[in-house]
Amino acid sequence: MRRFLPLLILSLTLLACAPVAQAPELASPAAPYTRAAFGPGWADPNGDCLDTRAELLADLSTVPVTLAPSGCSVRHGRWIAPYTGQVVTEARDLDIDHIVPLRYAWGHGAASWSAEKRARFALDPVNLLPVTASANRSKGARGPLDWLPPDQGFRCQYVLRFRRIARVYGLAFTAAEERDLVALTGRVCGV
């Protein structure tokens, strides 16, 4: 035993001092949130020069959109901003909002997701809405327990979509948060 004790101490010392290997695609749950953890931003996966923002605006416009001369961005269309109910015709007046904000998701489990899953979440059209800049700023990174759309007619759909997205991606809620979300759903959806 005496002869192995120095080797045991040396081994434990080396283990304690050795850097811990971590899969590069995973972030430490204790790591602070950064937008970059969810990928570089709007992407153009099909290579048509219209990024995710432009394609979403084109898909959700109630009239055919007008593109910029380059053909790579949307200039005009007609959108009903769901948080406020406002009709918007200038694409520059809209933000694309994540229904489940990236920072919110980070604090509810996304910090431990792979980089691929975080990028998929950030670009998932089910989680994206064109909204007025002022509504997007007022919402910030808050969820439905702390913020609801000013347009009361959209609140039920907002809460239901938020909860569905959270469930699909496996976001974690405390028992109290889950209870409060269920109660909120009942209040805003009348069930």
Side-chain angles (χ1 to χ4, degrees), residues 19-61 65 68 70 72-74 77 79 81-84 88 91-149 154-155 157-174 177-178 180-181 184:
V20 176
Q22 184 178 9
E25 72 277 355
L26 295 179
S28 164
Y33 165 80
T34 62
R35 170 58 182 91
F38 287 85
W42 303 133
D44 179 18
N46 62 5
D48 66 355
C49 96
L50 293 172
D51 64 16
T52 306
R53 173 189 164 78
E55 290 192 4
L56 187 74
L57 289 172
D59 288 346
L60 296 179
S61 177
V65 297
S70 68
C72 295
S73 64
V74 174
W79 301 273
Y83 293 166
T84 60
V88 178
R92 70 173 178 259
D93 294 336
L94 293 169
D95 283 355
I96 302 300
D97 182 51
H98 291 90
I99 295 169
V100 178
L102 303 182
R103 181 182 298 268
Y104 184 96
W106 185 265
H108 287 81
S112 63
W113 293 350
S114 69
E116 179 183 284
K117 183 175 180 179
R118 285 193 302 269
R120 188 171 65 247
F121 178 81
L123 297 175
D124 187 339
V126 173
N127 192 29
L128 300 173
L129 284 177
V131 301
T132 61
S134 62
N136 192 27
R137 304 296 184 284
S138 89
K139 177 182 175 230
R142 296 181 291 170
L145 294 176
D146 299 313
W147 182 89
L148 289 171
F154 187 72
R155 288 180 177 178
Q157 184 178 346
Y158 166 73
V159 171
L160 291 174
R161 274 181 78 172
F162 185 98
R163 291 184 66 204
R164 183 179 59 164
I165 293 161
R167 188 172 41 255
V168 165
Y169 281 92
L171 294 178
F173 295 101
T174 65
E177 286 174 321
E178 187 60 40
D180 292 347
L181 282 168
L184 176 64

Checklist entry - Would you call the rings of Phe38 and Tyr33 parallel, tilted or perpendicular if under 30° counts as parallel and over 60° as perpendicular? => result tilted

Checklist entry - Got Ile99 and Ile165 here, is their nearest side-chain heavy-atom distance under 4.5 Å? => result yes

Checklist outcome for this item: Between the OG1 atom in Thr84 and the CZ atom in Phe154, the distance rounded to the nearest 0.5 Å is 10.5 Å

Checklist entry - So, for Gly140 and Pro101, which heavy atoms are closest and what is the spacing to 0.1 Å? => result O-CG, 3.8 Å

Item to check | Side chain Ser112, main chain Gly109, donor-acceptor under 3.5 Å | outcome: yes

Checklist entry - Which pair of non-hydrogen atoms, one from Val65 and one from Gly77, has the smallest distance, and what is that distance? => result CG1-CA, 4.3 Å

Checklist entry - In Å and rounded to the nearest 0.5 Å, what is the CG to CG distance from Asp180 to Leu145? => result 5.5 Å

Checklist outcome for this item: Heavy atoms of Glu55 and Asp48 approach each other most closely as OE2-OD2, 2.9 Å

Next on the checklist: Return the OG1 to CH2 distance between Thr132 and Trp79, rounded to the nearest 0.5 Å.
Outcome noted: 13.5 Å

Checklist entry - In Å and rounded to the nearest 0.5 Å, what is the OG to CZ distance from Ser114 to Arg120? => result 6.5 Å

Checklist entry - Relative to the ring of His108, is the ring of Tyr104 parallel (under 30°), tilted (30 to 60°) or perpendicular (over 60°)? => result parallel

Item to check | Minimal non-hydrogen separation, Ala105 against Val100, with atom names | outcome: CB-CG1, 4.2 Å

Item to check | From CG (Leu56) to CH2 (Trp42), nearest 0.5 Å | outcome: 7.5 Å

Next on the checklist: So does Gly39 get a backbone contact from the side chain of Arg35, meaning a donor-acceptor N/O pair under 3.5 Å?
Outcome noted: yes

Checklist entry - Counting distance only, does the side-chain N/O of Asp44 pair as donor-acceptor with the main-chain N or O of Cys49 below 3.5 Å? => result yes

Checklist entry - Quick check: does any side chain N or O of Asp124 sit under 3.5 Å from a backbone N or O of Leu128, one acting as donor and the other as acceptor? => result no

Item to check | Main-chain N/O of Lys139 paired to Arg142 side chain as donor or acceptor, under 3.5 Å | outcome: yes

Checklist outcome for this item: When every non-hydrogen atom of Ala43 is compared with those of Leu123, the smallest separation belongs to CB-CD1, 3.7 Å

Checklist entry - Do the rings of Phe173 and Phe162 sit parallel, tilted or perpendicular, given the 30° and 60° boundaries? => result tilted

Next on the checklist: Which heavy atom of Val159 sits nearest to which heavy atom of Pro144, and what is that distance?
Outcome noted: CG2-CB, 4.0 Å

Next on the checklist: Over 60° means perpendicular and under 30° means parallel, so tell me whether Tyr158 and Trp147 are parallel, tilted or perpendicular.
Outcome noted: perpendicular

Next on the checklist: So, taking the atom named CG in Leu129 and the one named CD1 in Ile96, what distance separates them when rounded to the nearest 0.5 Å?
Outcome noted: 8.0 Å

Checklist entry - Does the pair Leu184 and Leu148 meet the rule for a side chain to side chain contact (heavy atoms under 4.5 Å, CB included), with working shown? => result CA-CA 10 Å; Leu184 176 64; Leu148 289 171; 4.0 Å; yes

Next on the checklist: Between Asn127 and Tyr169, is there a side-chain donor-acceptor contact under 3.5 Å, judged purely by atom types and distance?
Outcome noted: no

Checklist entry - Taking C-beta and beyond as the side chain, do Phe121 and Leu102 meet within less than 4.5 Å on heavy atoms? => result yes

Next on the checklist: Using a 3.5 Å distance criterion without hydrogens, assess whether the side chain of Trp106 forms a donor-acceptor pair with backbone atoms of Ala31.
Outcome noted: yes

